[in-house]
Amino acid sequence: MNLLKDLNEALAYIDTNIEDDIDMNEVAKISRSSEYHFKKTFAYLSGMTLLEYIRKRRLTKAGLELVDHRSKVIDVAVKYGYSSPDSFAKAFHQLHGINPSEVKDGKSLKAFPRMTFQLTIQGGDEMEYRIEQKESFSIVGIKKRVGIVFEGENPEITAMWKSLTMDKIEALKRLSNTEPEGIIQASVNFSEERMEGKGTLDQYIGVATTQACPDEFIELEVSGGSTWAIFESRGPFPGTLQETWGKIYSEWFPSSNYEAAEGPEILSIKSRDLSSPSVESEIWIPVKKVTG
């Protein structure tokens, strides 16, 4: 598969230049995608952020150099991008479990090998989706910076829902005049640590609308001419939904002609009873065609 080949060539470039400042424009060019999409795809396939991978590869090579007692700790620290011996020692200990100065005593080091991606076919589960174009619209509602939760209920988002009075919900419903209809959730501005289940994001609960935003609510503008991949999810909530979200990046994107574009990821829950074994939802992801 060409996508896997491109991803692996990009990783090979990163490893070849691991001692230098890595040119992310060149990484994007080699992977035939945007930097944004490459980082997201890498994180979903590997389970870690690209920055974390690069850090571990550099510290692995740093450990190998310190085995050669001719290398000074300060020189190795600077070579692998650390501005001070203290910051290097802290990162080194985090990976290897020992301080750089202890390497000369023959203590064991940990190695983090270079990563490559391979295609493994499992299950063959179907994914229901459609592609739609949309003109500009806004998401109007309430907003909060919340912690990222991969499994189970997010208590901060639950608290947001509880803060909505019936009057506010009815006011929002009157504003809803474009797809996805009704009350929706939208997530944007994710932290780099997203794929490790860490960090934060901007969470909106509101409606998609082309009407003016009332003073009591906050507005997120979404540019026109956007393309959306819309995925259906059906099963116990929130487990099935979270599983579908992961498959979009780990399975659908690598086998499609699309990559993720900038913009909010939108969740539209169609079922009223969240305790049902077959809760129906739609996940809206902004996408663009892969070029080259």
Side-chain angles (χ1 to χ4, degrees), residues 1-7 10 28-29 31-45 117 119 121-141 176-190 194-195 201-210 220-235 237-238 240-271 278-292:
M1 183 177 289
N2 288 337
L3 177 60
L4 289 177
K5 176 177 175 290
D6 295 338
L7 286 172
K29 181 179 177 182
S31 67
R32 299 177 189 271
S33 67
S34 66
E35 177 183 343
Y36 174 82
H37 179 69
F38 177 80
K39 286 181 176 180
K40 269 198 166 183
T41 302
F42 176 87
Y44 266 106
L45 291 175
F117 294 129
L119 177 63
I121 300 174
Q122 295 178 327
D125 295 334
E126 293 181 349
M127 295 187 72
E128 297 181 35
Y129 75 96
R130 65 186 189 273
I131 302 293
E132 287 190 11
Q133 305 287 325
K134 278 189 69 65
E135 296 305 316
S136 59
F137 66 99
S138 294
I139 295 170
V140 170
S176 175
N177 66 354
T178 186
E179 287 283 347
E181 295 180 347
I183 306 294
I184 60 174
Q185 298 182 63
S187 304
V188 71
N189 297 329
F190 297 91
R194 174 189 186 182
M195 303 314 155
L201 57 85
D202 287 341
Q203 181 72 17
Y204 290 79
I205 298 177
V207 293
T209 184
T210 58
L220 173 66
E221 295 181 355
V222 183
S223 60
S226 52
T227 303
W228 298 79
I230 303 154
F231 300 85
E232 297 182 19
S233 172
R234 190 178 296 105
F237 181 87
T240 302
L241 180 65
Q242 292 166 334
E243 181 181 339
T244 301
W245 225 301
K247 285 183 176 181
I248 290 170
Y249 283 92
S250 63
E251 297 179 16
W252 187 80
F253 272 121
S255 62
S256 75
N257 293 322
Y258 291 92
E259 63 182 22
E262 295 282 356
E265 297 184 358
I266 298 174
L267 169 62
S268 173
I269 300 175
K270 305 299 184 183
S271 302
S278 56
V279 174
E280 294 185 13
S281 307
E282 284 186 348
I283 299 172
W284 290 57
I285 306 287
V287 297
K288 61 183 179 181
K289 279 280 186 79
V290 175
T291 58

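As the structure is a prediction and not an experimental result, all values here were calculated from the model.
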Does some side-chain heavy atom of [Y] sit less than 4.5 Å from a side-chain heavy atom of [X]?
X: Leu241; Y: Ile283; answer: yes
X: Trp245; Y: Ile285; answer: yes
X: Ile269; Y: Val279; answer: yes
X: Leu220; Y: Asp202; answer: no
X: Thr210; Y: Glu135; answer: no

Just jot down the ring pair (Phe, Tyr, Trp, His ring centres under 6.0 Å) partners of Tyr129, sequence neighbours excluded, or say none.
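Here the qualifying residues are Phe231, Trp252.
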With sequence neighbours left out, write down each residue that passes ring pair (Phe, Tyr, Trp, His ring centres under 6.0 Å) with Tyr204, or none if nothing qualifies.
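Listed in chain order: nothing, the list is empty.
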What closest approach, in Å, do [X] and [Y] show between heavy atoms, and which atom pair accounts for it?
X: Val222; Y: Pro264; value: CG2-CG, 4.0 Å
X: Lys134; Y: Thr178; value: NZ-OG1, 2.8 Å
X: Ile184; Y: Ala208; value: CD1-N, 3.8 Å
X: Glu259; Y: Arg32; value: OE1-O, 4.2 Å
X: Val207; Y: Gly182; value: CG1-O, 3.5 Å

With a 6.0 Å cut-off (strictly less than), is the heavy-atom count around CD of Glu221, excluding the residue itself, greater than 12?
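Atom CD in Glu221 is not packed in, count stays at 12 or less.
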Greater than 12 external heavy atoms within 6.0 Å of Lys29's NZ
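Atom NZ in Lys29 is not packed in, count stays at 12 or less.
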Would you confirm whether Ser31, through its side chain, and Ala28, through its main-chain N or O, come within 3.5 Å as a donor-acceptor pair?
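Yes, the answer is positive, given that a donor and an acceptor are paired below the 3.5 Å cut-off.
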Residues in side chain to side chain donor-acceptor pair (under 3.5 Å) with [X], at least two apart?
X: Ser271; answer: none
X: Gln185; answer: Gln203
X: Ser281; answer: none
X: Glu35; answer: Lys39

Between atom OG of Ser223 and atom CZ of Phe137, what is the distance when rounded to the nearest 0.5 Å?
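Rounded to the nearest 0.5 Å, the OG-CZ separation comes to 9.0 Å.
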Can you tell me how far the CD atom of Glu265 sits from the CG atom of Leu201, to the nearest 0.5 Å?
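These two atoms lie 9.0 Å from each other.
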With sequence neighbours left out, what residues match [X] under side-chain contact (heavy atoms from CB on, under 4.5 Å)?
X: Ser136; value: none
X: Lys289; value: Asn257, Tyr258
X: Pro238; value: Gln242
X: Glu181; value: Ser176, Glu179

For Lys270, check salt bridge (charged side-chain N to carboxylate O under 4.0 Å, His left out) against everything at least two apart and list the hits.
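Lys270 satisfies salt bridge (charged side-chain N to carboxylate O under 4.0 Å, His left out) with Glu282 once adjacent residues are dropped.
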Report the residues that fulfil salt bridge (charged side-chain N to carboxylate O under 4.0 Å, His left out) with Glu280, sequence neighbours left out, ordered by chain and then residue number.
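With sequence neighbours excluded, Glu280 shows a salt bridge (charged side-chain N to carboxylate O under 4.0 Å, His left out) to Arg234, given in chain and number order.
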